[in-house]
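Here is the structure we will look at, set down as structure tokens.
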Amino acid sequence: MALTLDPELRRALAERVRYCHEMGIYDFYRREPGPAGLMESGSAASEIVSAGLPSASTVLRSELREEISARKSVAVPSIAEGNILEIVSPKAEYGVADPAAALKLIREDLGDCTRCKLHQQGRKQIVFGVGNPRAELMFVGEGPGADEDTQGEPFVGRAGQLLNNMIKAMGLQREDVYIANIVKCRPPGNRTPEPDECETCSPFLMRQIAAIKPKVVVALGATAAKNLLAMNSSLGDLRGRFYDFKPAGSLVDSSWPGARLAVTYHPAYLLRDPRQKGEAWKDLQMVMKYLGIESPKKAAE
Ligand code: URA
């Protein structure tokens, strides 16, 4: 059966699954939709029901609709329909308190990933992420370029040098933060990753964020911002404010209130248009203020 799921409903379902996980409910089963259908007939959501949820279809349907409207101002990343079963299965890192150990388990689960077409489009290796597993600040870029693909580490090329300078200007070291990308494999010719590639990779990034529990996530550039926020606005419109962020579909530590998410320009864009560095610096200063970091340094050169 073709999986067609309204994006809003899909996000609501992912949120519901996360909520169930927080309640300690891990067992889900599939059942055939009734004559009236649990929700839209034939949708993936109509077939997946938590063992711990009320079975009345109308209750679930209206609850999900309420969740959709309640979430209007909250960032909820998108989850691919094909990932729904990936989301509902318990993860190896659940209950592992040490973030470094949790990240190691997520990396092992990722394996030599062949889940999307990028694995057969020239990638040399998976670029998982790097940095402090207990980082308060996390940067998320778009995807590995040629240098990152060769070295297996995000942001090590020219854009990476500028990111390092931005981090230093904030009064931090690269080792203090955690750096990852929306996709972990290099898109051929450095093209923008396609929606199916982003969505397939997303559960692993969400699990990394849930393991690290940062105070702030900075989305670098439009691809990161749009994917993390599930919003299609321009970068200019998305900048200049914080969003509440919890990784959809992942079990999160109940003591972690979630992160604040800020959006800024991608370092590669700043290399092309250095006039925007001042604006990027304003974004970083907003982050520094929230994290209580004082730095006399000026914007990265
Ligand atoms: N650009 C990105 O978005 N990520 C990297 O890792 C390198 C360049």
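Whatever order the structure lists ligands and atoms in, that order sets their numbers, starting from 1. From a predicted model like this one, the values you see are computed outputs, not experimental measurements.
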Can you name the atoms of ligand 1, numbered from 1 with element, that are less than 4.0 Å from a heavy atom of [X]?
X	value
Pro154	6 (O)
His266	1 (N), 2 (C), 3 (O)
Gly141	3 (O)

- Query: Does an N or O anywhere in Phe155 fall below 3.5 Å from an N or O of ligand 1?
  - Reply: yes
- Query: Mind checking whether Val252 and Lys213 have side chains closer than 4.5 Å, heavy atoms only?
  - Reply: no
- Could you tell me whether the side chain of Trp281 reaches within less than 4.5 Å of the side chain of Thr264, counting heavy atoms only? no
- If you scan protein heavy atoms around atom 4 (N) of ligand 1, the nearest is Asn181 OD1, 2.8 Å
- Item | Donor-acceptor side-chain pairing of Gln208 and Arg107 below 3.5 angstrom | no
- For ligand 1, the portion of Glu142 having any non-hydrogen atom under 4.0 Å away: both
Return all side-chain donor-acceptor pairs below 3.5 angstrom for residues 134-147, not counting sequence neighbours, or 'none' if the list is empty.
unit_1 : atom_1 : unit_2 : atom_2 : d
Glu136 : OE2    : Lys215 : NZ     : 3.2
Glu142 : OE1    : Thr223 : OG1    : 2.9

- With sequence neighbours left out, which residue pairs that include part of residues 169-185 fulfil the salt bridge (Lys or Arg N to Asp or Glu O under 4.0 Å) condition? Glu153-Arg174
- Query: Looking only at heavy atoms of Gly143, does any of them come nearer than 4.0 Å to an atom of ligand 1?
  - Reply: yes
- Check: Arg115 side chain, Leu110 main-chain N or O, donor-acceptor pair, under 3.5 Å: yes
